[in-house]
Amino acid sequence: MSPEQRFQAVIDAEDKIEPTDWMPDAYRNTLIRQIAQHAHSEIIGMQPERNWISRAPSLHRKAILMAKVQDEAGHGLYLYSAAETLGVKRDELQELLHQGKHKYSSIFNYPTLNWADIGTIGWLVDGAAITNQVMLTRCSYGPYARGMVRICKEESFHQRQGYELLIRLCQGSEAQKALAQDALDRWWWPSLMMFGPHDTESTHTEQSMAWKIKRVSNDDLRQQFVDMTVPQADYLGLQIPDPELRWNEERGHYDFGEIDWDEFWLVVKGDGPMNRERIAHKVDAWDEGAWVRAAAIAHAEKLAPPEEET
Amino acid sequence: MTYEVPIAPGESGEIETTAETTGGGWPMWEVFVRARRGVSHVHIGSLHAPDAETALQNSRDVYTRRGEGVSVWVVPSSEIHAFEPDDATDYVEANEKVYRLATTYEIPDEVGQM
């Protein structure tokens, strides 16, 4: 058996590929790209939420939001650590992000305009993330799959706190409920966009499915998300902003309208509402932290025992 | 697909990574957590830190935010030594010496549990 056949046999047997195993370059590169993008998304994803930490309406909500933002940092770090098992350096991934060569999920290029956005992000954005990440716990690459197990547990907190926040808002005054509806109106379509292009347009799907990096197609995941979310919106008494949304008895699924693909590609290409601001902020934070990183190294060197002369 | 950004028409998806670091980053550490008394430390992941004390502090922020354990080890990644997967049979005895297994010995039922 050739190394390639042996590799595929491990995958076909539902076994995991581990860092020191032989793997095709394309498998390695696909994973580096995907895991790095995932890590960058977690890190950039802190920005829209940190926007509201200082303005949370109560100490309780502030504590929850800080814990959530800290989780996002943690998720980014587990994922960078998974990417590093494939032979890339974390600093290099940072540089690629800062130079705009590496991307992150477009969802974080939308602004958080009112407090209900925080609840809606938890409910929809983290809900969409869970739909995808549960699938990734079965991914063929061991370190990525293991990272996903940890992340999914924590995402559950993210989604539930968001939905609960919205329940409270929707049980409040008319004005509070209007905030929740406004947030849903703005986040619904970008959330559906998170699942990516239609399967017919998705260039990498077939190979990624054969390698079991990806296990369910974009459109199937999107359908799963819509089916799960519509009753949750009903419970809140909110209106999903899609006139074509309706239950299809025959299919046993909800039918829904078409995504605005022009907007989708605009944001992917860097012209969304917040693309430039997000990266500029990330680069500033990195540059402003340079002295801390250097000082920590200097301190460690000072503490290290002097090397023995040989 | 969530968090995977598609390649836009006219863009290249190929990004060269070199495994070269330019920033002189912090060294890597492997983190092991003992979930509770009575069980071994188990590898949970890795992180970067300038020294052991900071590695322990970072491990709390990265890996043990929800009571995941009662004890943490951090070990410089450069100190972990391993054999190549292809050499596994040189190091780990394959289960072909069946006489090493208790279940290959037949004990009459009347002897009872053994």
Side-chain angles (χ1 to χ4, degrees), chain A residues 18 20-22 29 32-34 37-38 41-42 67 70-71 73-74 77-78 81-82 84-85 87-96 101-106 128-129 131-133 143 146-147 150 154 194-197 201-204 214 218 221 265 268-269 293 296-297 299-300 303-304, chain B residues 1-31 33 42-55 57-69 76-77 80-88:
Chain A
E18 293 295 342
T20 50
D21 291 338
W22 184 91
N29 292 336
I32 290 174
R33 177 172 177 274
Q34 187 176 327
Q37 274 180 356
H38 196 159
S41 302
E42 301 283 358
Q70 196 189 15
D71 278 351
L77 295 176
Y78 314 149
S81 134
E84 282 176 307
T85 63
V88 282
K89 290 279 196 293
R90 191 172 303 211
D91 283 5
E92 188 188 3
L93 298 177
Q94 294 277 320
E95 280 168 25
L96 288 166
K101 291 180 182 164
H102 264 189
K103 293 184 176 174
Y104 52 88
S105 176
S106 286
T131 308
N132 181 59
Q133 290 175 157
R146 291 192 285 275
R150 291 182 62 79
E154 296 174 351
M194 287 177 73
F195 296 94
E201 309 284 318
S202 184
T203 41
H204 289 93
K214 180 174 185 167
N218 294 355
L221 284 172
W265 290 113
V268 166
K269 285 182 168 176
R293 295 191 297 277
I297 286 282
H299 181 67
L303 291 186
Chain B
M1 163 180 197
T2 312
Y3 293 164
E4 190 198 346
V5 188
I7 298 159
E11 285 187 334
S12 167
E14 297 302 312
I15 306 290
E16 287 287 310
T17 49
T18 56
E20 296 292 321
T21 175
T22 49
W26 292 345
M28 205 196 295
W29 302 73
E30 300 301 323
V31 183
V33 175
V42 172
H43 182 242
I44 193 166
S46 64
L47 51 76
H48 290 256
D51 55 56
E53 192 189 335
T54 318
Q57 285 172 1
N58 288 359
S59 76
R60 175 197 59 199
D61 292 341
V62 181
Y63 292 109
T64 54
R65 293 192 298 282
R66 290 180 174 80
E68 282 85 348
S77 304
I80 304 277
H81 301 272
F83 55 73
E84 294 296 317
D86 286 349
D87 298 337

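Here is the naming used below: chain letters follow the sequence lines, and residue numbers restart at 1 for every chain.
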State whether a side-chain donor-acceptor pair under 3.5 Å links A/Gln133 with A/His38.
-> yes
Check: B/Glu30/B/Ser77 side-chain N/O donor and acceptor closer than 3.5 Å | yes
Between the main-chain N or O of A/Gln37 and the side-chain N or O of A/Lys103, is there a donor-acceptor pair closer than 3.5 Å?
-> no
Which bit of B/Thr54 comes within less than 4.5 Å of chain A, counting heavy atoms only: side chain, backbone, both or neither?
-> neither
Honestly, the part of B/Glu68 sitting under 4.5 Å from a heavy atom of chain A is side chain
Pairs of heavy atoms under 4.5 Å with chain A: top-ranked of B/Glu53, B/Arg66, B/Glu84, B/Met28 | B/Arg66
Hey, which of A/Leu77, A/Asp21, A/Asp71 has the most heavy atom pairs under 4.5 Å with chain B?
-> A/Asp71
For B/His48, the option from A/Glu84, A/Arg293, A/Lys89 that meets side-chain hydrogen bond (donor to acceptor under 3.5 Å, both in side chains) = A/Glu84
Interchain contact, A/Arg146 with chain B, by part (heavy-atom threshold 4.5 Å) | neither
Would B/Arg65 and A/Glu154 pass as an ion pair if we require N to O under 4.0 Å?
-> yes
